[in-house]
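Only heavy atoms go into these numbers, but all of them, side chains included; no hydrogens, no water, no symmetry mates.
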Amino acid sequence: MRYEELESFPCSITRPLVILGDRWTLLILRAALNGVRRFNAFQTELGISRSRLQDRLDRLMEHDILTKQKQEHGAYEEYRLTQKGLEILPILMAFREWGDRYMAPDGPPMYFNHRDCTGQAHTTLICDACGTPLTERDITPVPGPGMTARAS
């Protein structure tokens with residue numbers, strides 16, 4: 001299967017990879033979630049070429065993950081996360097937790113604390129019916145409407 005065809009593949013992990021599946025895009029989103037808003041600030045923080053940065057920003061805007069706005073009190077334009085973009089936070093937090101566990105021999109380089117009580121933020125899988133925390137052993141994949149509609 002060609003890369004372009006993955007967007008229509010009936011898998012909700014595969015489809016987002018078409019948009020989010022390169023390191024620069026994820027690093028841009030991490031920077032945006034950390035408050036970076038201007039083109040030059042992204043470039044400085046990431047060390048990415050201008051053309052590659054513009055390409056990734058354009059793709060994120062095309063998919064309504066970022067939007068470009070004029071600053072309220074300034075001449076610059078800013079890139080802002082949309083609601084769709086803000087909802088990528090749990091994905092990046094899951095990557096971070098995995099990286100802290102398996103790729104940070106000296107300990108986590110950064111903590112993400114709850115502003116109100118200073119406890120640490122974590123990602124957790126829970127059942128939407130009973131609220132029970134889940135592990136990989138508690139989950140059974142079953143076809144959903146997107147899979148059964150494709151088979152028809």
Side-chain angles (χ1 to χ4, degrees), residues 1-101 103-104 108-129 131 133-134 136 139 141-150:
M1 178 173 295
R2 297 178 53 83
Y3 185 76
E4 310 82 53
E5 296 169 341
L6 292 175
E7 196 166 15
S8 63
F9 191 72
C11 174
S12 293
I13 293 173
T14 304
R15 288 175 181 163
L17 286 175
V18 174
I19 304 163
L20 306 175
D22 88 46
R23 65 178 176 219
W24 290 117
T25 301
L26 292 174
L27 292 174
I28 289 166
L29 290 169
R30 181 199 66 185
L33 285 161
N34 287 334
V36 175
R37 306 235 186 293
R38 288 200 253 158
F39 186 94
N40 288 340
F42 281 111
Q43 188 181 26
T44 299
E45 180 164 320
L46 301 174
I48 185 175
S49 73
R50 294 182 68 79
S51 62
R52 182 163 286 150
L53 175 58
Q54 191 63 64
D55 175 68
R56 298 317 188 272
L57 291 170
D58 289 345
R59 183 180 322 147
L60 290 167
M61 288 189 303
E62 176 187 332
H63 289 279
D64 299 316
I65 295 169
L66 286 177
T67 185
K68 194 173 1 176
Q69 303 174 348
K70 284 271 190 201
Q71 277 184 315
E72 284 185 38
H73 305 290
Y76 295 102
E77 290 184 321
E78 295 183 325
Y79 293 91
R80 296 282 186 150
L81 289 159
T82 63
Q83 186 60 39
K84 187 176 178 180
L86 289 168
E87 290 180 20
I88 292 173
L89 176 62
I91 298 166
L92 294 181
M93 291 294 286
F95 265 116
R96 179 197 57 84
E97 284 187 31
W98 187 87
D100 285 352
R101 187 172 296 122
M103 303 185 85
M110 178 91 51
Y111 291 112
F112 292 84
N113 292 346
H114 180 204
R115 190 171 284 147
D116 292 344
C117 75
T118 69
Q120 290 185 32
H122 295 281
T123 55
T124 305
L125 295 175
I126 59 165
C127 175
D128 70 348
L134 304 172
E136 68 286 346
I139 298 170
V142 296
M147 182 66 79
T148 54
R150 186 172 169 95

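Residue Phe39 holds its CZ atom at 11.5 Å from CD of Glu77, rounded to the nearest 0.5 Å. Between atom CG of residue Leu66 and atom CG of residue Leu81 there is a gap of 5.5 Å, rounded to the nearest 0.5 Å. If you take CD on Gln54 and CD on Gln43, they are separated by 10.5 Å, rounding to the nearest 0.5 Å. Note that the CZ atom of Arg50 and the CG atom of Leu57 stand 11.0 Å from one another [nearest 0.5 Å]. Atoms SG and CE, from Cys11 and Met147 in turn, are 7.5 Å apart once rounded to the nearest 0.5 Å. We find the CH2-CG distance between Trp24 and Leu46 to be 6.0 Å, quoted to the nearest 0.5 Å.
Of all heavy-atom pairs between Arg59 and Val18, the closest is NH1-O, 4.0 Å. The two atoms that bring His63 and Ile19 nearest to each other are ND1-CD1, 3.3 Å, heavy atoms only. Heavy atoms only, all atoms of each residue included: Thr123 and Ala94 are closest at CG2-N, 3.7 Å. Here the closest non-hydrogen pair linking Ile126 and Leu134 is C-CD1, 3.8 Å. Considering every non-hydrogen atom in both Thr25 and Asp22, the closest pair reads N-OD1, 2.9 Å. Between Leu53 and Ile28, the shortest heavy-atom distance links the atoms CD1-CD1, 3.6 Å.
For Ile139, the CD1 atom counts as densely surrounded, since its 6.0 Å shell holds more than 12 non-hydrogen atoms of other residues, nucleotides or ligands. Few gaps surround CZ on Phe112; more than 12 heavy atoms of other groups in view lie less than 6.0 Å from it.
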Show your reasoning for whether side-chain contact (heavy atoms from CB on, under 4.5 Å) applies to Leu27 and Ile48.
CA-CA 10 Å; Leu27 292 174; Ile48 185 175; over 6 Å; no
Take Ile65 and Leu29, measure what side-chain contact (heavy atoms from CB on, under 4.5 Å) needs, and give me the verdict at the end.
CA-CA 9 Å; Ile65 295 169; Leu29 290 169; 3.8 Å; yes
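Residues forming a ring pair (Phe, Tyr, Trp, His ring centres under 6.0 Å) with Trp98 (at least two apart in sequence, or on another chain): Tyr102. Applying the side-chain contact (heavy atoms from CB on, under 4.5 Å) test to Gln120 and every residue at least two apart in sequence or in another chain returns Tyr111, Asn113, His122.
Side-chain contact between Gln71 and Arg38 is present, with at least one heavy-atom pair separated by less than 4.5 Å. Side-chain atoms of Leu86 and Leu33, non-hydrogen and from C-beta on, do get closer than 4.5 Å to each other.
Among residues at least two apart or in separate chains, salt bridge (Lys or Arg N to Asp or Glu O under 4.0 Å) pairs with a member in residues 80-95 are Glu78-Arg80.
Relative orientation of the Phe42 and Tyr79 rings is perpendicular, given thresholds of 30° and 60° on the angle between their planes.
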